[in-house]
Each structure stands twice: as structure tokens, then as C-alpha cells.
Amino acid sequence: GEDVARERSERERAVAEIDETQRLGRALLVQAEQIATTVSDRRRAAFTQALFERSFSIVSPDLWSGVMRAAPREWRALTTILSDWFTRIQREAPAASAIPVALAIAAAIALYGLRERVAARFARRDPDLHDPSRRRKLLAALTVLLIRTLPAAAGSLLVWIALVDSNLLPRRLEPVAGMILRGIAFYAFARGLVDALLAPGNASWRIIEVSNAVAISVSRFARAGAA
């Protein structure tokens, strides 16, 4: 009798523990759902606030008044940095260290300028060919993109390496120089991508089917926007 009672008691205790675990699990599930709902509501509220947050228009007088107030201070900071840079070059950098930088800049300019000639020779899309195959159009577009992008990127990289190796560039000017060189490479990439896909003035080689007027407009917009 005692064994049966003890066994029954253990079973009841085990069932009670299982019930308690189930109740705890359900409570945690409800809490997790509530937290997920709260996070979702807060993210939605933050997105709505950011979406409708007031910002300055490009023609806003407040925007341009702020620009005018900040311009003298920013100009003084820029002139101070440039003055320190030129002083450092004159004081610490021997003339020989500037030669690699000058050569790199000359090579970058040459690479950038030769893109059009190379593209005209190796990436020419014959306007008299009115129905090229899809594969031929894709290969021509890829060639145009590479020829218009790689020389500019290589030139920017050459100038950056020369500036870093020569130790002519102060650390606080490195982000500015890097941004300018990346901007040049991106500008070349943007122009190359638009020319590769839209082939302005050469509809038979166009990857994306749009009118010639749209292709020319997008090409001009891309050049102005990238600049």
C-alpha cells in the first residue's frame, strides 16, 4: 500500500511539474509576442516620424542662410589645413619625394583621357548593324563598362598609393583626398554604366529598351548627378 501511494504521489508531482512548465512556456510565448508587437510598433512609429519629418528644401531661405553662416568658418578651416600642408611639404618633403606623386597624377590624367580613344577602337558598336544578337550586345556593353571604368579607377589608385608612400599628405587630409579619388572613379563608373546599358544615339545596341530621347536624358542626368 505504501509503495502504491508513494508511486501515485511521484506521478502527481511529475504531472504538476509538467503543467507548471507548460504554463511557464505559454507565459513566455505571450510575453515574446507582446515584445515583438511593441518593437514593431516602435519601428513603425520611428519610420513614420522620419518619413514625415520636416526637412529643408533646396530653395529654402533657412537652408541657404545656414550655408552662408557656415561658409566663412569652413573656408578658414580649409585654408588653414592647406597652408599647413604646403608648409609641411616645403619643410619636410624633399623634391625627390614629389616626383612619384607628379608621375602618378600624370599617369592618372593620361589614363582618364585615353578612355574615349580606347573605347572608340575596342568597344565600337557599329550603328549600321541594326539587329545584333543579345550575346553580342551584352559583350559590347561589358566592354564599354570596363574600358570606361577601369582606367579611371586605376589612375585614382595610383595617385592614392603615391600620396601615401610619399608621406606628403597629412592624416586629416587623407579622408578628403580619398573621397575625391573615389568620386572620380565613381563618376567614370556611372558614365560607363549608363553608356553600356542605354547606348545613347545607338538604339540597336541598347540593353534596356527605351526611346532615344529617354536614353540621352538619362545619360545627361547620370553625368550631372555623378559629378
Side-chain angles (χ1 to χ4, degrees), residues 9-75 77-78 81 134-135 137-138 141-142 144-146 148-150 152-153 156-157 160 164 171-200 206-227:
S9 176
E10 291 176 354
R11 288 180 179 178
E12 291 176 352
R13 187 166 54 252
V15 170
E17 290 178 356
I18 293 175
D19 290 341
E20 181 66 22
T21 302
Q22 289 179 343
R23 284 196 295 271
L24 180 60
R26 286 194 292 268
L28 290 175
L29 180 61
V30 172
Q31 186 177 8
E33 291 176 349
Q34 292 174 348
I35 293 174
T37 302
T38 303
V39 171
S40 179
D41 292 341
R42 289 183 179 180
R43 291 179 61 184
R44 191 179 299 108
F47 174 76
T48 303
Q49 181 180 0
L51 184 63
F52 293 101
E53 185 177 3
R54 183 180 177 183
S55 60
F56 290 116
S57 169
I58 191 66
V59 295
S60 172
D62 294 335
L63 172 64
W64 290 106
S65 63
V67 171
M68 295 302 294
R69 287 194 301 269
R73 181 176 65 254
E74 298 298 332
W75 176 253
L78 179 60
I81 292 174
R134 182 73 175 176
R135 177 176 177 275
K137 288 196 292 186
L138 289 173
L142 180 60
V144 169
L145 178 61
L146 292 178
R148 293 188 181 277
T149 303
L150 292 182
S156 297
L157 182 61
W160 176 255
V164 172
R171 288 193 175 274
R172 54 183 174 178
L173 280 182
E174 287 183 0
V176 178
M179 181 182 64
I180 293 173
L181 294 174
R182 287 193 299 270
I184 293 173
F186 176 75
Y187 174 73
F189 169 76
R191 288 190 56 181
L193 183 63
V194 171
D195 289 343
L197 296 178
L198 300 182
R206 196 162 294 152
I207 302 297
I208 302 176
E209 297 297 333
V210 295
S211 66
N212 197 51
V214 171
I216 294 175
S217 299
V218 172
S219 178
R220 290 175 179 172
F221 177 79
R223 294 180 184 186

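The shortest heavy-atom contact between D41 and R44 is OD1-NH1, 3.0 Å. Pairing each heavy atom of K137 with each of R206, the nearest pair is NZ-O, 3.5 Å. Nearest heavy-atom pair, R148 versus A188, reported as atom, atom and distance to 0.1 Å: O-CB, 3.5 Å. Minimum heavy-atom separation, G178 to W160: N-CZ3, 3.7 Å. Between A196 and I207, the closest heavy-atom pair is O-CG1, 3.8 Å.
Q31 CD: 12 or fewer foreign heavy atoms inside a 6.0 Å radius.
Atom-to-atom distance recorded for R23:CZ and L28:CG is 13.0 Å, nearest 0.5 angstrom. One finds the OG1 atom of T149 at 10.5 Å from the CZ atom of F186 (value rounded to the nearest 0.5 Å). L145 CG to L150 CG: the interatomic distance, rounded to the nearest 0.5 Å, is 8.0 Å. Within the model, atoms CG of L29 and CD of E33 stand 4.5 Å from one another, a figure rounded to the nearest 0.5 Å.
Under a 3.5 Å cut-off, the side chain of T21 and the backbone N or O of E17 do form a donor-acceptor pair.
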